[in-house]
Amino acid sequence: MQTSELEISKKLRQVIRPSRYRHTLGVTDTAVLLAACYGVDTEKARLAGLLHDCGKEAASALEHGAVGAKLAKEVYGIEDEEILSAIRWHTTGRPGMSLLEEIIFVADYIEPCRDGRLPANRLQLLRKTAFSDLHRTVVMILDDTFAFLRSRKTTIDKRSVDTYDYYKNLISGKETN
Ligand SMILES: [Fe+2]
Ligand SMILES: [Fe+2]
């Protein structure tokens with residue numbers, strides 16, 4: 001049986017550190033608003049947002065999506081494949097994401113507690129664009145992520161590149177129509 005939302009929050013608070021819990025709540029609220037905007041089930045968005053980083057303390061940066069999906073199922077009792085998939089792909093994205101997957105990917109990046117490496121005006125633009133063009137926002141986020149990783153001379157995951165190519169193609173198709 002699926003764990004109730006309250007129990008999930010309680011359990012999460014015990015295993016993730018306070019700053020990450022704050023981020024988690026920011027992602028959850030943002031995901032619910034985006035879901036309402038795009039006609040996606042807000043309860044699914046809430047659960048996916050709450051649990052998107054549940055694997056973060058247990059796995060590497062790149063692996064925590066897959067590990068999180070496994071924990072969401074085994075520890076938090078989430079059976080819904082759409083929710084599990086949104087957790088699984090929230091770091092790299094994937095070509096052809098579902099709306100819920102896109103929402104969690106974007107919410108993770110634009111939530112109100114997200115600070116630091118981006119200039120405020122860029123973050124503001126991303127937040128605005130997210131509510132009018134989700135696909136373009138995915139491209140913009142990956143653009144920024146790649147620039148950041150290049151500046152740190154860190155390797156870029158192949159899955160993220162595939163995601164970028166797919167969404168770049170999708171929005172350029174829109175532009176020529
Ligand atoms: Fe994450
Ligand atoms: Fe996150």
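Both ligands and their constituent atoms are indexed starting at 1 by order of listing.
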What do you get for the angle at the Fe ion (ligand 2) between NE2 on His23 and OD2 on Asp53, to the nearest 10 degrees?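 It comes to 100°.
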Output the atom name for the N/O/S atom of Asp108 with the smallest distance to the Fe ion (ligand 2).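 Of all N, O or S atoms in Asp108, the Fe ion (ligand 2) lies closest to OD1.
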Would you tell me whether Ser19 and Arg17 have side-chain atoms, one donor and one acceptor, within less than 3.5 Å of each other?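 Per modelled atom types, Ser19 and Arg17 side chains form a pair under 3.5 Å.
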Side-chain donor-acceptor pair present, Glu7, Tyr76, cut-off under 3.5 Å: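 Checked: Glu7/Tyr76 side chains show no N/O donor-acceptor pair below 3.5 Å.
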Short N/O/S contact of His52 with the Fe ion (ligand 2) (below 2.8 Å):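 His52 does place an N, O or S atom closer than 2.8 Å to the Fe ion (ligand 2).
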Check ion pair Arg46-Asp29 (N to O, under 4.0 angstrom):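 Asp29 and Arg46: not salt-bridged.
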So with a 6.0 Å cut-off around CD of Gln124, is the heavy-atom count from everything else above 12?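 For Gln124, atom CD is not crowded (no more than 12 foreign heavy atoms under 6.0 Å).
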